[in-house]
Protein chains: 2
Amino acid sequence: MAEGPTINTIAERAGVSIASVSRVLNGLPTREETVRRVLRAAEDLGYVPNSVARSLRNRRTDQVAFAMADIGNPVYLAMVREIQPVLKAAGYRLLLHSTDADVADELDVLRGLRERYVDGLIMSPLRGVTEDHVAAIAAARAPVVVIGSVPEGTPVDNVRTDSRTGVRLALDHLHALGRRRIGFLNGPLDTVPGGARAAAYREALDALGLPYDGDLVEVGDFYRQDGARAARALLGRAPDVDALMCANDLIALGALDVLRRAGREVPGDVAVVGMDDTDLASVAWPTLTSVSLGSAERGRAAARLLLDRLENGPREPRVVVVEPSLTVRASTTGVDPE
Amino acid sequence: MAEGPTINTIAERAGVSIASVSRVLNGLPTREETVRRVLRAAEDLGYVPNSVARSLRNRRTDQVAFAMADIGNPVYLAMVREIQPVLKAAGYRLLLHSTDADVADELDVLRGLRERYVDGLIMSPLRGVTEDHVAAIAAARAPVVVIGSVPEGTPVDNVRTDSRTGVRLALDHLHALGRRRIGFLNGPLDTVPGGARAAAYREALDALGLPYDGDLVEVGDFYRQDGARAARALLGRAPDVDALMCANDLIALGALDVLRRAGREVPGDVAVVGMDDTDLASVAWPTLTSVSLGSAERGRAAARLLLDRLENGPREPRVVVVEPSLTVRASTTGVDPE
DNA sequence: ATTCCACCCGTAAACGTTTACAGGGGCCCA
DNA sequence: TGGGCCCCTGTAAACGTTTACGGGTGGAAT
């Protein structure tokens with residue numbers, strides 16, 4: 001692999017200094033004749049500036065990273081899909097980190113910021129922002145935006161949703177449909193979504209005047225087979241359940257599988273509600289009523305916050321809250337929206 | 001933002017030269033005492049090496065890019081999911097480019113290689129490798145792996161599948177089930193998959209002794225609503241169709257929607273086969289028989305080829321062919337595999 | 001006591017840019 | 001003709017590393 005041309009090569013060929021070359025290439029005022037000579041030489045040589053050298057000098061890489069738990073999860077996918085074009089339009093490249101929901105990995109990513117290979121980071125820590133996170137963010141010297149909740153007062157841009165309201169919307173909907181034995185298939189309690197949704201479920205029951213029944217609650221991981229497992233367990237323990245609230249769409253899909261095999265009609269016997277309103281919800285059968293937590297919107301908001309910090313420098317941390325909404329489909333009403 | 005410590009800071013504090021600092025940090029043989037002093041100072045200062053400076057000096061960035069048409073497509077998602085861990089394990093970061101199936105954008109990415117912000121590239125050009133691509137790859141001076149077919153003799157590592165055989169598998173299956181009026185919902189003909197699958201369809205019909213009937217073929221884009229549109233058109237023109245071969249799973253999902261609304265039983269009246277065997281296939285209802293083109297495997301193979309080139313230097317271009325297989329589900333047999 | 005070698009370590013150059021600073025040339029005006 | 005100013009351009013330093021090269025020190029061998 002022969003070496004490519006540098007500004008030195010151009011300077012030689014054009015018979016000018018490297019300073020002039022740089023000036024021309026950056027559009028700084030220069031004599032017409034010099035401009036022509038330099039551009040000509042650059043063209044002839046097929047010159048492309050070395051981005052690493054430029055980064056070193058300019059102290060910016062024009063790269064931004066997004067760290068998520070798992071690219072396989074459609075929620076993160078929706079975020080990436082929104083983040084990418086926003087950053088691209090602003091001239092940034094996107095780096096992807098999949099942390100496998102591993103806290104140590106997340107911290108590695110944060111510490112990695114100090115290597116300065118990116119100008120900023122968007123991250124979505126599944127198990128919450130610990131003191132270690134906060135310390136690492138402070139030490140990072142690069143803007144960070146967190147998607148998900150952060151402890152009160154943490155000095156970091158933050159995009160969150162209100163899953164409490166989200167669960168509430170779902171339970172109100174089920175209650176209005178006459179359901180009274182509403183089960184809950186949750187994810188791990190030590191994750192932020194899991195914890196929040198557990199609390200929200202109890203609250204919503206309270207508000208509706210329904211009793212809390214431990215038999216109606218099952219905890220597993222956030223994947224489809226976990227949902228299936230949880231649904232089986234719950235059905236065995238509480239056969240009279242008439243609705244299932246699921247902590248995400250994947251869990252709901254697993255539950256649908258189990259209900260189908262068990263010969264329970266959906267929504268006739270058991271209504272099912274998912275959460276995140278991913279693409280899968282409209283593919284499932286029956287199509288899945290799901291609480292939308294605005295993943296796409298959260299992604300876009302995060303990207304915007306980060307860009308703002310990158311372009312306008314430090315400022316007070318900001319919080320953006322995205323309101324949840326309920327997308328009603330056949331798994332609760334039996335009717336598919338057009 | 002105060003400046004972080006550099007090897008100069010450490011050298012000063014430890015009372016040694018920057019050369020010694022570098023040697024210690026890179027584990028080159030050094031006197032015990034010096035090692036201790038340097039490590040102590042580095043620790044105290046919370047030193048982290050600047051990756052940009054290191055890249056400039058070492059002429060490598062430890063970054064690799066993956067350029068795909070659209071992150072929204074589950075096929076690419078499956079690839080990313082495989083590529084990421086392989087690269088990560090080898091110490092590379094992953095950059096993502098979504099080119100929106102835009103050839104100009106793809107060429108930009110290739111040309112971008114000359115800026116040297118990555119050490120290598122995996123790309124999956126939707127509309128095929130043109131002469132411009134070949135030229136850009138040659139000029140790139142960085143290893144490139146192409147997923148998808150390339151013109152004979154193009155000097156580039158290449159991972160492909162045999163969609164011809166894939167289509168053949170599907171049509172054989174449908175034929176064995178007694179279907180004789182097999183429609184085809186294809187993607188754009190100017191894309192590589194679209195073109196290849198069109199040819200494969202005719203070939204497979206020939207092999208089965210079935211006549212080719214233009215009324216049974218519809219072309220649209222690769223998304224769900226395109227599949228729906230195409231299915232509607234085809235059903236209108238050829239109501240006696242008894243099977244639908246779809247050029248990918250998204251198209252198949254659209255077709256399923258239309259069939260359901262039209263009151264056609266699947267597979268009773270019309271059997272449906274998708275292609276790519278994405279996660280969606282097992283979520284759909286009825287679950288979708290689909291030709292697996294080994295997306296995950298292709299991703300992994302591409303990552304391995306690239307790593308090999310990165311670590312062992314230039315060599316003859318290699319081609320890896322991934323064999324397709326058929327995953328049979330309810331949309332053709334009416335029976336769900338366990 | 002001299003020579004040689006081994007071992008450490010420091011100096012300086014290099015990677016490819018950008019940019020502060022100053023020098024040189026031309027022009028205008030006095 | 002000389003002074004001042006402006007415009008253009010070149011020199012050199014800086015960004016933070018890695019590494020070739022050579023110098024210095026100390027001990028062993030002669």
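Excluded from the calculations below are hydrogen atoms, water molecules and symmetry mates; all remaining heavy atoms, backbone and side chain alike, are included.
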Looking across every strand, which nucleic acid part, if any, lies under 4.0 Å from B/Ser22 by heavy atom: base, sugar-phosphate, or nothing?
base

Once you round it to whole Å, what is the distance between P of D/dT19 and CZ of B/Arg59?
13 Å

Indicate, with a heavy-atom threshold strictly under 4.0 Å, whether A/Pro49 touches base, sugar-phosphate, or nothing.
sugar-phosphate

Counting N and O atoms only, with roles assigned by atom type, does the side chain of A/Lys88 sit under 3.5 Å from a partner on the main chain of A/Ile83, one being a donor and the other an acceptor?
no

How far does the helix from C/dA1-D/dT30 to C/dA30-D/dT1 bend, going by the axes of its first and last five pairs, to the nearest 10°?
70°

Is A/Asn8 near enough to C/dG16 that one of its side-chain N or O atoms lies under 4.0 angstrom from OP1 or OP2?
no

From the set C/dA12, C/dC9, C/dT18, return the single nucleotide nearest to any side-chain atom of B/Ser20.
C/dC9

Between the side-chain atoms of B/Arg57 and the base atoms of D/dT17, is any donor-acceptor pair under 3.5 Å?
no

Measure from CZ on B/Arg141 to P on C/dG16 and round the result to the nearest Å.
12 Å

Report yes if a donor N or O on one partner sits less than 3.5 Å from an acceptor N or O on the other, where the partners are the side chain of B/Arg23 and the base of C/dG10; otherwise report no.
yes

Rounded to the nearest angstrom, tell me the gap between atom CD in A/Glu33 and atom P in D/dT9.
9 Å

Does OP1 or OP2 of D/dG16 have a side-chain N or O of A/Tyr117 closer than 4.0 Å?
no

Just call it for B/Ser55: base, sugar-phosphate, or nothing, with non-hydrogen atoms closer than 4.0 Å on any strand.
nothing

Looking at B/Arg54 and D/dT17, is any side-chain donor or acceptor paired with a base atom of the opposite kind under 3.5 Å?
no

To the nearest 0.5 Å, atom OG of B/Ser295 lies from atom CE of B/Met79 at 5.0 Å

Can you measure A/Glu12 atom CD to C/dG16 atom P for me and round it to whole angstrom units?
13 Å

Phosphate OP1/OP2 of C/dC9 contacted by B/Thr34 side-chain N/O (<4.0 Å):
yes

Between A/Ala53 and B/Val35, just flag the one whose closest nucleotide in DNA chain C comes earlier from the 5' side.
B/Val35

Give one of base, sugar-phosphate or nothing for B/Ile18, where a contact means two heavy atoms less than 4.0 Å apart.
base

Between P of C/dT19 and CG of A/Leu25, the distance in whole Å
13 Å

Close side-chain approach of B/Tyr47 and B/Ile7, heavy atoms under 4.5 Å:
yes

Assign B/Val52 to base, sugar-phosphate, or nothing according to its heavy-atom contacts below 4.0 angstrom with the strands shown.
nothing

Just wondering, more than 12 heavy atoms not from B/Glu33 lying within 6.0 Å of its CD?
yes

Is B/Arg116 close enough to C/dC15 that one of its side-chain N or O atoms is under 4.0 Å from OP1 or OP2 there?
no

Is it true that atom CZ of B/Arg40 has more than 12 heavy atoms of other residues, nucleotides or ligands lying nearer than 6.0 Å?
no

How close do B/Ala136 and B/Leu110 get, heavy atom to heavy atom, and via which atoms?
CB-CB, 3.7 Å

B/Glu43 CD: over 12 foreign heavy atoms closer than 6.0 Å
no

Whether B/Asn26 contacts D/dT18 is assessed here as follows: a side-chain N or O lying under 4.0 Å from the phosphate OP1 or OP2. Is that the case?
yes

Without decimals, in angstroms, what is the distance between A/Asp119 CG and D/dC15 C1'?
15 Å

Between CG of B/Leu45 and P of D/dG16 the distance, given in whole Å, is 14 Å

Whole-Å distance between C/dC8 P and B/Leu28 CG?
12 Å

In short, A/Leu306 meets A/Pro143 closest at the heavy-atom pair CD1-O, 3.7 Å

Are A/Thr6 and C/dG16 close enough that a side-chain N or O sits under 4.0 Å from OP1 or OP2?
no

Checking A/Thr61 side chain against A/Gln63 main chain: does a donor-acceptor pair fall under 3.5 Å?
yes

